[in-house]
Structures are given as structure tokens and as C-alpha cells.
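Note on naming: letters A, B, ... go to the chains in the order of the sequence lines (proteins, then strands), and numbering restarts at 1 for each one. It should be emphasised that the depicted structure is a prediction, and the values quoted were computed from it without experimental measurement.
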Amino acid sequence: MSKFSERVLSVVSKIPRGRTLTYKEVARRAGSPRAFRAVGNILNSYDSKKMKVPCHRVIRSDGQSGGYRWGARKKLILLKKERAAA
DNA sequence: AATGAGGCCCTAA
DNA sequence: ATTAGGGCCTCAT
């Protein structure tokens with residue numbers, strides 16, 4: 001658990017419902033604007049294993065939902081639902 | 001505008 | 001300690 005990972009998890013946890021941030025944004029807030037790659041990796045491992053973080057609210061800068069540990073489809077559904085509920 | 005190839009940052013083995 | 005992988009991003013064609 002590096003400082004960066006903590007930061008990333010913290011930032012992602014602070015993402016309000018119905019709001020989505022890009023990996024780039026998260027990485028930037030985490031302190032490493034070029035670590036967007038690591039962000040995905042961290043969310044993939046840590047979130048699914050121990051920490052409960054709305055990693056599905058993190059999407060690509062292209063507007064695509066990107067991938068998802070539990071299935072990219074699920075991510076899209078979650079995002080749509082949250083967006084509607086927001 | 002869309003597609004292809006390259007590179008940086010992190011974690012896990 | 002090094003190698004490989006990844007939910008990516010950006011530049012070039």
C-alpha cells in the first residue's frame with residue numbers, strides 16, 4: 001500500500017453519486033498525473049479485494065466506461081442507474 | 001475523424 | 001531485484 005494508492009482510493013471514494021471522473025483526473029489528484037495506468041491497476045486489485053470504492057465511477061477520458069473487474073457491462077449499468085438516481 | 005503504435009506509472013509474481 | 005501486465009493516455013499517420 002503506497003501513498004499513491006491510498007490517495008487514489010481516497011479520491012475515488014470521494015466521487016459523488018452520479019458523477020464520474022476519468023483516470024487521468026484521479027491520477028492527477030492522487031499526485032501523479034502520469035499514473036492513470038496505475039490507477040486502473042490499483043482499483044482492479046485493492047478495491048475488489050479489500051477496500052470498498054466506487055471504482056465503477058472512474059471512466060476513461062475518451063468517454064468510454066473502460067473496463068471493470070466485475071464486468072464492463074455492469075459498470076455501464078451502474079453508471080446509468082446512478083446517473084438517473086442522481 | 002478514426003486507427004495504430006509507443007510510453008509512463010504502479011502492483012504483483 | 002527484475003520481468004511482465006494493465007480498467008490508459010497521447011502522438012502520429
Interatomic distance where CG belongs to A:Leu21 and P belongs to C:dC9 [whole Å]: 12 Å
OP1 or OP2 of C:dC9 under 4.0 Å from side-chain N/O of A:Ser61: yes
Rounded to whole angstrom units, what separation is found between the CG atom of A:Leu9 and the P atom of B:dT11? 10 Å
Rounded interatomic separation in angstrom, taking OH from A:Tyr68 and P from C:dC8: 15 Å
Does C:dC8 have OP1 or OP2 under 4.0 Å away from a side-chain N or O of A:Thr22? no
Checking all strands, does A:Ser5 fall into the base, sugar-phosphate, or nothing category for heavy-atom contacts under 4.0 angstrom? sugar-phosphate
How would you label the contact of A:Arg60 with the nucleic acid (heavy atoms, under 4.0 Å): base, sugar-phosphate, or nothing? sugar-phosphate
Correct closest heavy-atom pair for A:Ala27 and A:Ala35 would be CB-C, 3.8 Å
Using the test side-chain contact (heavy atoms from CB on, under 4.5 Å), find all partners of A:Leu76 that sit at least two apart in sequence or belong to another chain. A:Ser65
Compare the minimum distances between each of C:dC9, B:dC8, B:dA12 and the side chain of A:Arg37, then state the nucleotide with the smallest one. B:dC8
With A:Arg83, which residues qualify under side-chain contact (heavy atoms from CB on, under 4.5 Å), at least two apart? A:Lys80
Expressed in angstrom and rounded to an integer, what is the separation of A:Tyr23 atom OH from C:dT10 atom P? 14 Å
Below 4.5 Å, heavy atoms only, C-beta onward: do A:Arg19 and A:Arg57 meet side chain to side chain? no
Work out which heavy atom in A:Ala30 is nearest to a heavy atom in A:Val11; give both atom names and the distance. N-CG2, 4.5 Å
More than 12 heavy atoms from other groups under 6.0 Å of CZ on A:Arg7: no
Output the rounded distance in Å from CG (A:Asn44) to P (C:dC8). 10 Å
Starting from the 5' end of DNA chain C, give me the residue, A:Val39 or A:Ile59, whose nearest nucleotide shows up first. A:Val39
Would you kindly give the CG-to-C1' distance between A:Leu43 and C:dG5, to the nearest whole Å? 16 Å
Report the distance from atom CD of A:Glu6 to atom P of B:dC9, rounded to the nearest whole Å. 20 Å
Measure the CZ-CG distance between A:Phe4 and A:Leu9 for me, rounded to the nearest 0.5 Å. 9.5 Å
Quick one: label A:Ala38 by what it contacts on the DNA or RNA (base, sugar-phosphate, nothing), any heavy atom closer than 4.0 Å. base
Taking all non-hydrogen atoms of both residues, which atom of A:Cys55 and which atom of A:Tyr68 are closest, and how far apart? SG-CE1, 3.6 Å
Should A:Lys3 be listed as having a side-chain N or O under 4.0 Å from OP1 or OP2 of B:dC10? no
Assign A:Ser65 to base, sugar-phosphate, or nothing according to its heavy-atom contacts below 4.0 angstrom with the strands shown. nothing
Nucleotide pairing, DNA chain B (Watson-Crick or G-U, distances under 3.5 Å), in dot-bracket with [ ] and |: .||||||.|||||
Tell me which of A:Arg34 and A:Asn41 sits closer to the 5' end of DNA chain C, going by the nucleotide each one is nearest to. A:Asn41
Distance check needed: C:dG6 P versus A:Phe36 CZ, whole Å only. 17 Å
